[in-house]
Peer 1: 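I have a structure here, written as structure tokens, and I will follow up with some questions on it.
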Amino acid sequence: MKKLFTVGLAVAFGVAFALTPNGTEARELKFAHQSNVTNINHLSQVEFQKMVAELTGGDITIRIFPNKQLGGERDEIEGILLGTLDGAKPASAVVANWVPEFNVANMPFVFRDLDHFQRVWRAGGELHKIIQEKAEAKGLRFLCAVTTGVRNIMSKRPIFGIEDMKGLKIRAIENPVHVATFNAMGANATAIAYPEVYGALQTGVVDGADAANNNYHSQKFYEQAPYWSLIGWLVFTNTMIMSEKTYDSLSAKHQKAVQDAAFYACNWQTEYYKTDGDKKLQLLLAKGVKVTVPYREPFIEASQKVYEEFLKTDEQKGLVKLIQDTE
């Protein structure tokens, strides 16, 4: 009876059990993400998959569902909480709807560059520990943070300075900090899901959006918004999260293997973005994209009101200071 009960729990949590040839327990964990199979976001998940298999001796298998197969990022998080999915790689801006502390990673200009980003989110670092405690209380295991690039602004007309933002209809991710940031810069921000961005640009629903060099190129957004302003307002933070229930059900050895594999894969992806962004910028120039480099100080100054609006508690302000004070 006890064995049947254990199997029943496994099914409820979306975990498949079997036995390896040597009689140890084998498990399949389901992880999903939004990117296609050629995207670095997927390739790093494959690195995670391989590393988990190596560190557990094949006891744990990661099954990957790419390219929005299981829905959008909100759907993935809800699936984790419902027990139909084990893990995902959603944007911190989306996870912040459940774990508001993640919004510190979405504050404009909070990260100086990708090296600073890595130092802040280092394995076993203070910020990771603090955010993990907050996530655990909501049923989520925060494994690691990973970037999908430094965000600039695409538009249908050139942006030479902050005055050119005035009146622009800008798509923002579905997060109030992002919306408030573009509004503070003088634009009219509209929250639109990522799969709808190209169509929104094409039909004139928006005049522009933000992106990294990488996805501005790969998604061919330049076909609809050929002006590219290198503002670098955000080092975009994605997360690797999983069900806290699933994580707790693993042995201590397997927990460590999953965590170590996640840190490895997230660092692998961030290292990639350090060089790939520059390569993609050269390809964009070859496509005829018109690049501007606006003076950043007015954008930074305008964004301070976002800090005033969203950082209400000493804890929130302390988390941002922790990021800013990281050398």
Peer 1: Begin with the C-alpha distance, continue with both residues' side-chain angles, and end with the deciding distance and a verdict on salt bridge (Lys or Arg N to Asp or Glu O under 4.0 Å) for Lys129 and Glu126.
Peer 2: CA-CA 5 Å; Lys129 291 178 180 177; Glu126 187 175 355; over 6 Å; no
Peer 1: If you compare all heavy atoms of Val206 against all heavy atoms of Lys156, which two are closest, and at what distance to 0.1 Å?
Peer 2: O-CE, 3.7 Å
Peer 1: Applying ring pair (Phe, Tyr, Trp, His ring centres under 6.0 Å) as the test, list every pair that has at least one member in residues 150-191; sequence neighbours left out.
Peer 2: His178-Trp233, Phe182-Trp233
Peer 1: Please, which pairs that meet salt bridge (charged side-chain N to carboxylate O under 4.0 Å, His left out) have at least one residue in residues 316-327, sequence neighbours excluded?
Peer 2: Lys321-Asp325
Peer 1: Between Ile323 and Met107, is a side chain to side chain contact (heavy atoms under 4.5 Å, CB included) present by the stated rule, with each step listed?
Peer 2: CA-CA 11 Å; Ile323 294 174; Met107 301 305 292; over 6 Å; no
Peer 1: Using every non-hydrogen atom in the two residues, find where Ile159 and Pro294 come nearest and quote the distance to one decimal.
Peer 2: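 Reported closest heavy-atom pair: O-CG, 3.4 Å.
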Peer 1: Do any pairs count as a disulfide bond (SG atoms under 2.5 Å apart) and have a residue in residues 100-139, sequence neighbours left out, and if so which ones?
Peer 2: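 Of all non-adjacent pairs touching residues 100-139, none passes disulfide bond (SG atoms under 2.5 Å apart).
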Peer 1: Quick one: do the Gln34 and Glu76 side chains pair a donor with an acceptor below 3.5 Å?
Peer 2: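 Yes - a donor-acceptor pair under 3.5 Å links their side chains.
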Peer 1: Say whether Ser44 and Lys89, considering side chains only, have a donor N or O and an acceptor N or O under 3.5 Å apart.
Peer 2: yes
Peer 1: Cut-off 3.5 Å, side chains only: do Tyr198 and Glu223 have a donor facing an acceptor?
Peer 2: yes
Peer 1: State whether the number of non-hydrogen atoms from other residues, nucleotides or ligands found under 6.0 Å of Asp248 atom CG is greater than 12.
Peer 2: yes
Peer 1: How are the rings of His33 and His42 set to each other: parallel, tilted or perpendicular (split at 30° and 60°)?
Peer 2: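 Ring orientation, 0 to 90° scale: tilted.
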Peer 1: Quick one: CG on Leu281 to CG on Asn214, what's the gap to the nearest 0.5 Å?
Peer 2: 10.0 Å
Peer 1: Of Lys138, Arg141, Lys134, which is the lone residue that meets salt bridge (Lys or Arg N to Asp or Glu O under 4.0 Å) with Glu244?
Peer 2: Arg141
Peer 1: Could you check, using the six-membered ring where one of them is a Trp, whether His128 and Phe263 have ring centers closer than 6.0 angstrom?
Peer 2: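 So the answer is yes for these two rings.
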Peer 1: With distance as the sole criterion, is a donor-acceptor pair present between the side chains of Ser249 and Arg27 under 3.5 Å?
Peer 2: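 There is such a pair (donor and acceptor under 3.5 Å, judged by atom type) between the side chains of Ser249 and Arg27.
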Peer 1: Please confirm whether Trp121 and Phe142 have ring centers closer than 6.0 angstrom.
Peer 2: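 Centroid distance Trp121-Phe142: below 6.0 Å, so yes.
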